[in-house]
Amino acid sequence: MTPKDRTKSDHHLGLSTLQDISTLILQSHDLDETISNIVNLVAQRAQSDVCSLYFLESDQQTLTLRATYGLDQAAIGQVSLKIGEGLTGKVAKEQQILAIEEPQNHPDYRFFAATGEEHFHTFVGIPLFDHSQTIGVMVIQTRETHIFSEDELATLTTIAFQVASIVVNARLLDAIDSYELPKAETSALEIDAKATDPQKNDVLRGQTAYPGVVSGPANIIDQQFGFADVFDEDNIETSTELKRLDDALRKTRIQTLYLEKRVADKLTQEDAAIFHTHLMILEDRGFIERLHELIEEKHSAPYALKKVISGYLEAFGQMEDPYLRERAADMEDIGRRLLANLVGKNSEGLHLNHSGVLVAKRLLPSDMAILDHDMILGIVIESNEANSHSVIMAKTLGIPALIGVKGAVSKIKPDANLILDANSGCVYQNPDQTIFDEYSRLEQERLQEQDRLSKLRDIPAITRNGQRIHLRANIGLVSDVEVARRNGAEGVGLYRTEFLYMARSNFPDREDQYQLYKKVVEDFSGAPVTIRTLDIGGDKTLPYFTQPKEDNPFMGWRSVRVSLDNLDFFQTQIEAILMAAQHGSIRLLFPMISNMEEIRTCKKIVRDAMQNLQDHQIPFAQDVPLGAMIEVPAAVRLAPHLAKEVDFFALGTNDLIQYLLAADRSNPRVQDYYDPLHPAVLLSLDCLAQVASKNNVELCICGEMATDPACLLALIGLGIHEFSLSAPYIPKLKHLINRIDTVAAEKLLQQLILEPDSSTIRKHLAQTIENLPVTNLSGVSDYSRTTSKSP
Ligand code: PEP
Ligand code: MG
């Protein structure tokens, strides 16, 4: 393929394909037709000879060809292979994209004659996922060698994501269509409604879905428009009931579209996807036919609905596949909303009058979408569906939640006072005075602490003699952002992106990363966010990335060394960071630099990344400051040279101390050797601080060392004024900083770095802290009012 063709193909397999596929999916009512359209479209736009979709069967072992462009259509539904079998099976097993030339030379290659397959020169397999579970594989094959560009692979991955969402729908609809209406007289919904336990029980137990302790009145959500009140009626006019059903279906579909949008806006697109599934069910021929049949048998529309929904619930409840079993909640949700529209009541009636702990049999995705999240202090639910979409949403919102709390709705009285301890899995109803006192004490302490800290939150960190100190946060997960802001962090000094990678089942793509980094920087409205490139190895591994077994992993293939050997994901990450930098003040940091060549190569990759973005007319920021982590002793010695290459230094004391003192940072046996106040550590830090100041390079400490007050005093004494640390320490350290005088601290350190042992150093620092003046919480030092000059 010539470069010209390449551009053409890049252009073809781009945004417009994604948009066309979205449209196809949105209009899809028939799965086979939709996937057949998708494979045709992708094959055409990717200029490939084959595009096939294999879906995983319910045995979780077998992949079956479900749609193909380019292979024999007769093979659809006939060709199956096991997970791990052939290249397609390998993709499913390893959950990784496989893009290779001359596939027949690959040791895992298998030839499937039934597909009419010829020999192809390129094979690309992309796994289809649903919440980290493989559900199928998309395969592209070309007769002529075609090297797929990164952009093409990224687009194919996005297409695979979209296809995955319709596969999930397909499984659900298949399951719906294959169930038999129950013969039993008592429906699952009626059984549910009768399941009350009169026995008084004041401590209920369940499993933690999201930890935390909260207390407040119970907010019981008992289905007000539930099926328990629906009975069969006489004198049914079939045509009236059919029309009634039609109207209600239309109304419910519109409401569902609205819910999908609302959840996508408030939470994530992934959370919203479930409402698309609901929409498909509401349009499913099988579902509607069943309702029609019952109405034609002279049942009212609500009664027909009750029968059909309870049939589904029963059938789902018996399914072996846990995913499908949990989807019963979705059927109940759909049924309830449809019923509300049938009987002319609005399910928007579901609202909370006061804040409290939500108690429900089962929380449905639409409940979470409709309810005012600020009113939900905690969640107690009877169902035990850790992966249900509502529980996933509760976690996204950080609401303490207990699941599997048997009989909660019947045992908990309306407006009872509850203590929800989602750390230990208990919920107390109108607890005993002793329990109440104990939790009140904890609550009191928490509030006092919160109050004290909130006073400190907005106080700038300024020393007694007016030196501004910057306290930023170390973050890993997006949820840390809220904690950081709550504690008054001035931006992020270290964003450990490996956690983002660890939380995924595959390398996050550029768009995924870009959206996340963008969100973080926007949340800090203007404050700087330093994003560190992937720092795996040592004690951090990725489930989907094989790292060699090493005797000394901390001295081995870790951090930037791994990135430099995997330029594809390295450049992707850098591109995402550069793109996000348009939305705020982002700085790009390279970890574990130990020689000049590394930092120069990193800078070259930044240039390559910029070029690639420019070539594809993707907007990005040109002026992102670049930094090196100084965490290897060699980098301290090289600092004068490194200072010429970068805009800032981030000092990683966690690693620097372990490498300087040959004491593993995570080995409790050598904990005493791991001494941040060891003179060798202080001398190294002093040397670095001087180089940074002489070369006008910013220096930020981002190891844990600064969280220890004695160390913080020592670091300020070495002339360091920027720190990044776990955010909850920030308010307390501000209080200390308000009491420090930098001139005195610097004088003290000039003497202390000459001391040969750390015990003397620590003793002097402790004494100095003890003698610091007491301040009030306004940040104004009482001492400074009387002595305006430094002592
Ligand atoms: C450090 O080494 O001090 C550092 C901040 O990085 P990490 O703890 O992530 O290795
Ligand atoms: Mg480190």
Side-chain angles (χ1 to χ4, degrees), residues 470-477 480 484 489 491-503 528-542 547 552-564 573 587-595 598-599 602 627-636 639 642 646 648-667 670-671 674-678 680-682 684-685 688-689 692 698-708 711-712 714-715 718 720 722-727 729-730 733:
H470 295 283
L471 297 179
R472 314 198 197 281
N474 287 349
I475 64 165
L477 297 169
D480 293 338
V492 174
L494 175 66
Y495 179 3
R496 292 180 164 108
T497 55
E498 46 283 2
F499 292 105
L500 145 73
Y501 283 71
M502 284 176 191
V529 173
T530 301
I531 305 183
R532 179 175 75 183
T533 60
L534 190 62
D535 184 38
I536 46 166
D539 57 345
K540 293 178 278 198
T541 54
L542 302 179
Q547 273 166 264
N552 268 315
F554 272 109
M555 301 278 196
W557 195 55
R558 64 169 291 209
S559 196
V560 80
R561 299 172 183 179
V562 177
S563 297
L564 288 171
Q573 181 174 34
R587 312 195 308 168
L588 174 50
L589 175 62
F590 299 105
M592 217 190 150
I593 296 297
S594 62
N595 63 48
E598 276 172 341
I599 193 69
C602 289
M629 281 208 78
I630 308 293
E631 49 185 347
V632 177
V636 179
L642 287 169
V646 294
F648 68 97
F649 287 152
L651 183 72
T653 54
N654 300 341
D655 276 319
L656 184 62
I657 295 169
Q658 78 163 347
Y659 291 134
L660 265 177
L661 305 179
D664 185 339
R665 62 193 261 186
S666 39
N667 181 351
V670 291
Q671 206 178 325
Y674 187 93
D675 182 359
L677 291 176
H678 189 294
V681 174
L682 291 188
S684 299
L685 300 188
L688 189 67
E698 267 180 54
L699 170 63
C700 176
I701 302 270
C702 48
E704 300 311 302
M705 179 177 174
T707 57
D708 174 342
C711 293
L712 182 72
L715 294 167
L718 291 176
I720 298 167
E722 191 177 332
F723 302 91
S724 185
L725 48 146
S726 300
Y729 287 94
I730 291 178
L733 293 180

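Just follow the structure's listing: the first ligand is 1, and inside any ligand the first atom is 1. Below, each value reflects all heavy atoms present in this structure, side chains not excepted, and no hydrogens, waters or symmetry copies.
Looking only at heavy atoms of the protein, atom 10 (O) of ligand 1 is closest to Arg665 NH1, 2.9 Å. Of the protein's heavy atoms, Cys702 O, 3.2 Å lies nearest to atom 5 (C) of ligand 1. Of the protein's heavy atoms, Asn654 N, 2.7 Å lies nearest to atom 3 (O) of ligand 1. Nearest to atom 6 (O) of ligand 1 among the protein's heavy atoms is Arg532 NH1, 3.0 Å.
Judged purely by atom type and a 3.5 angstrom limit, Tyr674 has no side-chain atom pairing as donor or acceptor with the backbone of Leu661.
Residue Asp655 places at least one N or O, backbone or side chain, under 3.5 Å from an N or O of ligand 1.
Using a 4.0 Å cutoff on heavy atoms, Met705 does not count as a contact of ligand 1. Ligand 1 lies within reach of Met629, whose nearest heavy atom is under 4.0 Å from it.
For the pair Val492/Thr530, no side-chain contact is recorded, criterion being any heavy-atom separation below 4.5 Å from C-beta on. Side-chain contact check for Asp655 versus Arg558: some heavy-atom pair is nearer than 4.5 Å. Within the 4.5 Å cutoff, the side chain of Leu656 has heavy atoms near those of the Leu685 side chain. When side chains are defined from C-beta on, Arg472 does not count as touching Cys702, because their heavy atoms never get closer than 4.5 Å. Looking at heavy atoms from C-beta onward, Leu588 lies in side-chain contact with Thr533 at the 4.5 angstrom threshold.
The Mg ion (ligand 2) has an N, O or S atom of Glu631 inside 2.8 Å of it.
Those atoms of ligand 1 that come under 4.0 Å of a heavy atom in Gly703, given as number and element, are 3 (O). Short contacts between ligand 1 and Leu494, defined as distances under 4.0 Å to a heavy atom of the residue, involve ligand atoms 5 (C).
Nearest to the Mg ion (ligand 2), among the N, O or S atoms that Asp655 has, is OD2.
Exactly one residue among Ile593, Leu534, Asp535 makes a side-chain contact (heavy atoms from CB on, under 4.5 Å) with Val560. That residue is Ile593.
Taking the ring axis of Phe648 as reference, the NZ or CZ atom of Arg587 stays within 45° of it and closer than 6.0 Å to the ring centre.
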